[in-house]
Peer 1: 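Here you go, one structure.
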Amino acid sequence: MTGDRGPRNGVPGNGAQDDPAPVKAAPDSHAPECSRTRRLIDRVVGDAVRPDDRNHAATCASCGPVLARAARFDDELRRTARGLVAEELPRGILDPGLAGNPKVISRRAGPGLAGIFAAVAIMVLAMSVALLPGGLVKPSALPSDGPPGTPPGQSGVVTSPGPTGLQLEGPALHSTAAIGGSLIREPFRWTCSSGRPPPSPATDGGVDHEGIVCTSRTGQTYTATLITGETVDNEVIEVAIKGELVVDTQTSVSQLADAMAYATSISVGDKDRAPTIAEWVLFHVPGLKALPGGDSIFGIFGEGTLRLTLQRGSDGSYFLLLQAMPR
Amino acid sequence: VWRVEAIEPGLAQVTRRSDVDLDSAFDSARPRLVRIAASLVGADGAEDVVQDTYITARARIGQLRDPRAIEAWLARITVHRSFRIRRRGKRLQELLQVVPFARFSPPAGGRLELHELVEALPPRERAVVVLQHGYGYTLAEVAELVGISHANARKISSRTRAKLLRAWLEAEA
């Protein structure tokens, strides 16, 4: 397949003499104008340069440089791409005997039958919470053992999780409706709106679209945003939270940690385990440093069915990703 | 700085394999893996890729046939994950810009050079460009490394090349 190595020349070959189209030299020699330049670019990109284009370009101050530049493109691309290589790949990376199966983490394409029933049940419950005044679920049913509406970290909300075994009970993450419904309530009162499709649909296994986008109230010592990522079946398999401090003080870090822990506790599906997982967030957020290379920590729960990535970037911003992995 | 916490004892069993010390191997390979990922997806996404690599390696350690080839195996996972990374932070960053107190400021503009165009490519397109043109792999090899069909690799390669060529020419025109 060496024919694939190295690109084609984007400028096709010779042409006969033809129509030298009108060429206007612009007042500024750096900005010549020609009505044919755009079409010439289209044809260069489409690998369809005609002989008359070439003849015209030979005398046109605008089109001539386009062809000259196009002829240099492949060399420039190789040079540029080579310049981005910071590390050679180890020898043997293409060895077919390297591993049994190079395909690694793959999210489920869709839930199993039990998952569908569970999702339907949760949707029905979530809709009833959203539609009925006061809702069916009392705040105390949320993964918080503190007073109603009290976020973790403010009053010992994170209590002993109770032994439930390593497996998470129920879905790893709540539905978008349940997460949004909790976030808009006291004490945090975030604002939520519908999400949107990702820039390139179905670029990664699993997440098909955003479910909801919620942002924290203004006037806090931090700003935070939460996005749920859903499958085509509207199952939440990813919750991403980003936070930035308005001022970098211990108090603002602590308040942001509270908010991120609370968002975690209302996102995790297993209500018995949610406090433990939220406590992990609450504990680690203040310890992250804005180092040049960033500062990251992983947590894995439920025998790997829920994984958390907590990071602080070099710019000081915080990022938390909750991902439901296949069981 | 990189830390991993196995929160629950059950997880330790996943990585246990008598002939491989994954954590040590990963620790020593990590700087190299970060540089490989940075080559393929840029510095911003490199950490995400390497984290994915670690998780994947933990889950799949049983598939490693030759423990002596663990670094190549980790590098291969890194390449594979580079092609699949989604820049989740980007969307959130975008949203934070529209809420008060956002601190993000875009870099000052100027004439686009080819390296800027390549660096601005979506991760999978950039990964294919760098593997093919930077590392010099054939499209069949690129396809093998990132786990897609040859036809798909060819399609991504030609589409990306056309996109870059157009942008580069238009920047000049």
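Per chain, numbering begins at 1; letters A, B, ... match sequence-line order.
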Peer 1: Is any side-chain heavy atom of B:W168 closer than 4.5 Å to a side-chain heavy atom of A:L77?
Peer 2: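 Counting from C-beta outward, B:W168 and A:L77 never come under 4.5 Å.
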
Peer 1: Do B:T78 and A:L89 have side chains that get closer than 4.5 Å, going by heavy atoms?
Peer 2: no

Peer 1: With a 4.5 Å heavy-atom cut-off, do A:D74 and B:H133 have their side chains touching?
Peer 2: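 They are not in contact (no side-chain heavy atoms under 4.5 Å apart), so the answer is no.
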
Peer 1: Which residue out of B:R35, B:E71, B:K163 racks up the most heavy-atom pairs below 4.5 Å with chain A?
Peer 2: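 The answer is B:R35.
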
Peer 1: Do you know the tightest heavy-atom contact between B:R76 and A:D95?
Peer 2: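 Here B:R76 and A:D95 meet closest at NH1-O, 3.9 Å.
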
Peer 1: So for B:V142, is it side chain, backbone, both, or neither that comes closer than 4.5 Å to the heavy atoms of chain A?
Peer 2: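 Contact with chain A: none, neither part.
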
Peer 1: A:R91: what forms a side chain to side chain contact (heavy atoms under 4.5 Å, CB included) with it, not counting sequence neighbours?
Peer 2: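 A:R91 satisfies side chain to side chain contact (heavy atoms under 4.5 Å, CB included) with no other residue.
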
Peer 1: Is it the case that the side chain of A:R82 and the backbone of B:G134 share a donor-acceptor pair, with hydrogens and angles ignored and the cut-off at 3.5 Å?
Peer 2: yes

Peer 1: Would you say that B:L164 contacts A:F73 through its side chain, given a criterion of any heavy-atom pair below 4.5 Å between the two side chains?
Peer 2: yes

Peer 1: Is the shortest heavy-atom distance from the side chain of B:Y135 to the side chain of A:L84 under 4.5 Å?
Peer 2: no

Peer 1: Is there a donor-acceptor pair under 3.5 Å between the side chain of B:S39 and the backbone N or O of A:A86?
Peer 2: yes

Peer 1: Measuring only between side-chain heavy atoms, which start at C-beta, is A:P90 closer than 4.5 Å to B:I36?
Peer 2: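 Side-chain contact under 4.5 Å: yes.
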
Peer 1: Where on B:V118 is there a heavy atom nearer than 4.5 Å to chain A: the side chain, the backbone, both, or neither?
Peer 2: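 Side chain only.
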
